[in-house]
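So the structure is just underneath, and the comments pick up after that.
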Amino acid sequence: MQYRSLTFEEIETLEKNSCWSEDWSRVEVAEEGFQPKYFHRVMFYGDIQLGSFQKNVEIAPGFVKHSGINDATLRNVTVGDDCLIEKVGNYINNYTIGNDCLISNISVMETTEGTSFGEGNLISVLNEVGDGNVILFHDLNSQFAAFMVKHFGDKDLKNAIRRLISEEIARTNPDRGTIGDHVKIVNTREITNTVIQDDCEISGASRLSDCTILSSENASVYIGTGVICENSIISDGSSIINSVKMQDCFVGEACQIANGFTASQSVFFANSFMANGEACAAFCGPFCASHHKSSLLIGGMFSFYNAGSGTNFSNHAYKMGPMHWGILERGTKTASGSYLLMPATIGTFSVCFGKLMHHPNTTALPFSYLIAEADKMFLVPGRNITTVGLYRDIRKWPKRDMRPQNSQKSIVNFDWLSPFSVGEILRGKKILENLRQASGDNVSSYNYHEYVINATSLRKGIKYYDIALRIYMGAVLKRAHKWGFFGKPETETGLGKWNDLSGLLLPATEEQRLIDDIKNGTLETIQEVVERFCEINDNYRVYQWAWTYRLILEYYGIKEITEADDERIKQDYIEARRAWIAEIRKDAEKEYEMGDVDREVLDTFVNSLDHETDFEN
């Protein structure tokens, strides 16, 4: 914008309206459209730049005022076009304000020397008294955060990441606090050292200090009454309301933090919902929920997770009811006192309590229940594969992603069967087969470490795992035909172990390549690191085919997939899907017989199962 000095007549009008400046020569205005008649009782200090004031501003539906500045003290401030600023109790100091903003009834808004606006803040998740392991910055996503936590012990990698982030912050951070376009800030006490981007609304907040709010036109941020937020970053489409207290946190896209929730040294990503409770040193990956007053998320990694409370564990085994999150609340304790073990289901990190923490080998039996009875722990392998809860969850999570397409920083792969989870299934199936071979078939139960597996549960577990394997292989083969990459894979990337970085499923070799390229300087900027995560995700289907092709050859004992093999795999896929749906139907009928759901709910659900044949071809 081009500015000019005030004319004598403009200064005279301003002074008649009880405006004052310590030096009128330091007040510059837009070359066109500046109207001094819309300024009343304003005091100017330092260097001031004012835009044009020609439009009305909507205060509330059907209620407009003309843009202008009334009852305010400004020092070193730039104001864009058509803003309305009024009732500033103390002052606005060192700020750049965009166009079409409403700022009314605030106490103070100020930038002080040396601020970083919450960027570069080093926090410690998983260990509330440990060294910092996650650096907060505007492009942080769940993958990058999980990557930092996972490889915290690699000193060279850690130093390289810190250098890249520091360079990015130095390149992008403004010299002083900024308010974007179309921002509304009303009835708010204190805003200090905070960057607020476009279309954000702040109403009734108590204090925002050293923060960055990444709002945008298609994914605006709302901050409501009584909120205190310090040293934190809030991403696109999120809302922080009703007396939330947050310190040293990162809030990802489309998250909701509400109703007195308190959080410190924690990260929340992609559609997480937190209310009433507390988080400390918590890594909350995509789709985490906590809404009980007595819930404390501390020192753990969670994803696709619904936290219960100390007195009401949310009846986590409910499955068909429309108001429940299903059975993916892995590692939680049920109302009956039983523990559920369901690692590697859809989400990322499984969280285990009690005895589960004592033996990590239990995670080699995915989709399993762990049930406590007296002094025994019974393991029911693979049971969750054939439940109504899993079936519902497979379909509901993508629909619950509220992020606009262009505001999805965190990568969330919704495949419930993937090289990551199927690799766990293969290991689980092998364990069960080895147990049966070692003890024979004429036993009533098997011992797996300190757990008991009933013989019927073991046989069913092998059956369920085999169903899942055949569904997976058939589905990937069908997709390979459809997308044109059927045949011998052109790459070996994807063979071997796969990992999960909080929603990003990737070959372990690609994760190691990322580590190496950061350390050796191949990736020179933080943007290149973020783009590498996206590149890996974009190649997921290609890498998946390489891994699955090898699986098919080994499973069927063939050297290549002939036309006859292709037809055989397709038929196995159809039969496995039908067996899977039949088991889910039985699970639904069992729940109905228990009196947990109405007949209408059951009929609706069964009707959806009847349409599963539509997906066979």
Side-chain angles (χ1 to χ4, degrees), residues 57-63 65 71-72 83-92 95 97 100-110 117-118 177 179-180 182-216 219-264 266 268 271-280 284 289-295 402:
V57 175
E58 187 177 59
I59 306 301
F63 177 23
K65 289 184 178 181
D71 301 298
C83 294
L84 176 59
I85 301 173
E86 59 184 6
K87 303 299 180 184
V88 178
N90 206 336
Y91 55 81
I92 300 175
Y95 254 90
I97 299 170
D100 302 293
C101 292
L102 169 61
I103 300 175
S104 177
N105 195 28
I106 68 168
S107 177
V108 63
M109 190 163 71
E110 177 176 35
F117 309 104
I179 306 295
H182 311 287
V183 171
K184 180 178 181 179
I185 305 173
V186 297
N187 304 324
T188 295
R189 294 181 186 175
E190 177 186 341
I191 296 177
T192 306
N193 299 331
T194 295
V195 168
I196 302 171
Q197 295 187 358
D198 298 348
D199 291 87
C200 179
E201 180 174 350
I202 301 172
S203 178
S206 291
R207 182 169 70 253
L208 302 178
S209 177
D210 294 280
C211 295
T212 293
I213 303 175
L214 303 171
S215 184
S216 61
S220 59
V221 171
Y222 180 80
I223 298 179
T225 303
V227 169
I228 297 175
C229 191
E230 301 174 335
N231 300 310
S232 299
I233 298 175
I234 301 168
S235 299
D236 318 58
S238 291
S239 61
I240 317 292
I241 61 173
N242 296 348
S243 301
V244 166
K245 294 179 175 61
M246 179 176 295
Q247 186 172 31
D248 301 309
C249 291
F250 184 93
V251 179
E253 318 94 84
C255 292
Q256 298 180 56
I257 318 292
N259 299 344
F261 191 82
T262 62
S264 64
S266 297
F268 309 89
N271 302 286
S272 288
F273 175 87
M274 301 285 150
N276 298 309
E278 181 180 359
C280 177
C284 297
S290 175
H291 48 84
H292 295 287
K293 287 186 177 180
S294 56
S295 291
M402 305 306 295

- Item | Results of side-chain hydrogen bond (donor to acceptor under 3.5 Å, both in side chains) for Asn90 - residues two or more places apart only |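 Asn90: no side-chain hydrogen bond (donor to acceptor under 3.5 Å, both in side chains) contacts found.
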
Atom of [X], atom of [Y] and distance for their closest heavy-atom approach:
X      : Y      : value
Cys101 : Gly180 : SG-O, 3.0 Å
Ser215 : Ser220 : OG-CA, 3.2 Å
Ile179 : Met109 : CD1-SD, 4.0 Å
Ile233 : Gly118 : CD1-O, 3.9 Å
Ile257 : Val244 : O-CG2, 3.5 Å
Met274 : Cys284 : CE-SG, 4.0 Å

For the [atom1] atom of [X] and the [atom2] atom of [Y], what is their distance to the nearest 0.5 Å?
X      : Y      : atom1 : atom2 : result
Leu102 : Glu86  : CG    : CD    : 7.0 Å
Glu253 : Ser272 : CD    : OG    : 10.0 Å
Ser107 : Arg189 : OG    : CZ    : 9.0 Å
Phe250 : Ser232 : CZ    : OG    : 10.5 Å
Met246 : Thr262 : CE    : OG1   : 9.5 Å
Lys184 : Glu58  : NZ    : CD    : 8.0 Å

Side-chain contact, heavy-atom cut-off 4.5 Å: [X] with [Y]?
X      : Y      : answer
Ser203 : Val186 : yes
Ile196 : Ile185 : yes
Ser235 : Val251 : no
Leu214 : Val221 : no
His182 : Asp198 : no
Phe117 : Thr194 : no
Ile59  : Leu84  : yes
Tyr222 : Ile234 : no

- Message: Pair Ile85, Ile92 - check side-chain contact (heavy atoms from CB on, under 4.5 Å), show working.
- Response: CA-CA 10 Å; Ile85 301 173; Ile92 300 175; 4.0 Å; yes

- Task: Check the pair Thr188 / Ile223 against side-chain contact (heavy atoms from CB on, under 4.5 Å), numbers first and verdict last.
- Result: CA-CA 10 Å; Thr188 295; Ile223 298 179; over 6 Å; no

- Query: Taking Thr225 for the side chain and Ser243 for the main chain, is one N or O donor matched with an acceptor at less than 3.5 Å?
  - Reply: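 Such a contact is absent between Thr225 side chain and Ser243 backbone.
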
- Query: Is a side-chain N or O of Asp199 found less than 3.5 angstrom from the main chain of Ser216, in a donor-acceptor match?
  - Reply: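 No.
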
- Describe, in one word, how the ring planes of Phe261 and Phe268 are oriented to each other, choosing from parallel (under 30°), tilted (30 to 60°) and perpendicular (over 60°).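 Geometry flag for Phe268 against Phe261: perpendicular rings.
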
- Task: Show the numbers, then the answer: is there a side-chain contact (heavy atoms from CB on, under 4.5 Å) between Cys229 and Ile240?
- Result: CA-CA 9 Å; Cys229 191; Ile240 317 292; 5.9 Å; no

- Item | Worked verdict on Arg207 versus Glu230 for side-chain contact (heavy atoms from CB on, under 4.5 Å) | CA-CA 8 Å; Arg207 182 169 70 253; Glu230 301 174 335; 2.5 Å; yes

